[in-house]
Amino acid sequence: MEMVTSTGFDVQRLTDLLDGDEAALRRRVRARMSQPDFLVPRPLDKEAFREIVLGWAQSIADEGWGALAYPEAHGGGGSLKQFITVAEALGLHDLNLFVKYGVQFGLFGGAVHQLGTERHHGKYLPGAGSLDLPGCFAMTERSHGSNVRE
C-alpha cells in the first residue's frame, strides 16, 4: 500500500528506508503488536500488569523470536541482528515487554549461550527460548542508582 501525503511525501518509502534490510521482520513484529491481545490495559495494579507482560513474552516466544540469537542447533535462529531488530520493535510497543524480552532471552538465555558449554546449550537453550524455562539474572552492584526491586 502506497501512502503519499498531500505534499507528495511517500511515507512507505521512508518506512522502508528506516526499516532497512530487516524490514520484513519489523513488519511482522509490528503486525503482531497491533493484535487485540497486545493492547496495553490501563489502569492495572503492578502484579496484574506483570502477568499480562509475561503472557506477551510467551506469545513472543511462541513466534520463535525469543530464540533468534541462539544457535540453530538448539532451536534458535542464529541471528543476533534479528534478535536486536525484534527488541527494538518491542520497545516501541511497550518498554515493560522490551525489558522482559531482554532479561529472559538476552541476559538469561544469552548467558547460557555465551558462557555455557555444549552440554548447557542442549539442556537449557531450548527452554529459555520457548519460555518453558523462565530465567533471571542477579544485579549485585551496590549504590549504582537503579531501582531493581521495583
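Numbering of residues begins at 1 and proceeds along the displayed sequence.
Without hydrogens or angle criteria, His120 side chain to Leu125 main chain gives no donor-acceptor distance under 3.5 Å. Side chain of Gln104 to backbone of Gly129: no donor-acceptor contact under 3.5 angstrom is found. Looking only at distances, no side-chain donor or acceptor of His74 sits under 3.5 Å from a matching main-chain atom of Pro71. Using modelled atom types, no side-chain atom of Tyr101 and backbone atom of Gly106 make a donor-acceptor pair closer than 3.5 Å.
A heavy-atom distance below 4.5 Å is found between the side chains of Arg30 and Thr15. Here the side chains of Val29 and Ile60 are not in contact, with every heavy-atom distance at 4.5 Å or above. At least one side-chain heavy atom of Tyr70 sits under 4.5 Å from a side-chain heavy atom of Phe105. Residues Leu90 and Asp94 fail the side-chain proximity criterion, which asks for heavy atoms closer than 4.5 Å. Residues Leu92 and Phe98 are not in side-chain contact: their nearest non-hydrogen atoms beyond the backbone lie 4.5 Å or more apart. Met33 has its side chain within reach of Leu97: a pair of non-hydrogen atoms, C-beta onward, lies under 4.5 Å apart. Val40 places a side-chain heavy atom less than 4.5 Å from the side chain of Trp56.
Within the model, atoms CG of Leu25 and CD of Glu63 stand 10.5 Å from one another, a figure rounded to the nearest 0.5 Å. In this structure, Leu107 CG and Gln114 CD are separated by 12.0 Å, a value rounded to the nearest 0.5 Å. Taking NZ from Lys46 and CD from Glu51, the interatomic distance works out to 13.0 Å, rounded to the nearest 0.5 Å. Atom CD in Glu72 sits 9.5 Å away from atom OG in Ser79 (nearest 0.5 Å). Here NE2 of His113 is found 9.0 Å from CG of Leu80. Values are rounded to the nearest 0.5 Å.
Residues passing the side-chain hydrogen bond (donor to acceptor under 3.5 Å, both in side chains) test with Asp132 are Ser130, sequence neighbours excluded. The side-chain hydrogen bond (donor to acceptor under 3.5 Å, both in side chains) search around Lys81 returns Asp21, not counting sequence neighbours.
Checked for salt-bridge contact, Arg32 and Asp62 miss the test: no charged N lies under 4.0 Å from a carboxylate O. At a threshold of 4.0 Å, the pair Arg26-Glu88 counts as salt-bridged, since one of the basic side-chain nitrogens sits closer than that to a carboxylate oxygen.
Linking Ile, Leu, Val, Met, Phe, Trp and Tyr residues whenever their side-chain heavy atoms come within less than 4.5 Å leaves Ile52 and Leu131 in two separate clusters. Under the 4.5 Å side-chain heavy-atom criterion for ILVMFWY residues, a single connected hydrophobic cluster contains both Phe49 and Phe38.
Heavy-atom minimum distance, Val86 versus Leu68: CG2-CD1, 3.6 Å. Here the shortest heavy-atom pairing between Ala67 and Gly75 reads CB-O, 3.9 Å.
Ring-centre distance between Tyr124 and Phe108: not below the 6.0 Å cut-off.
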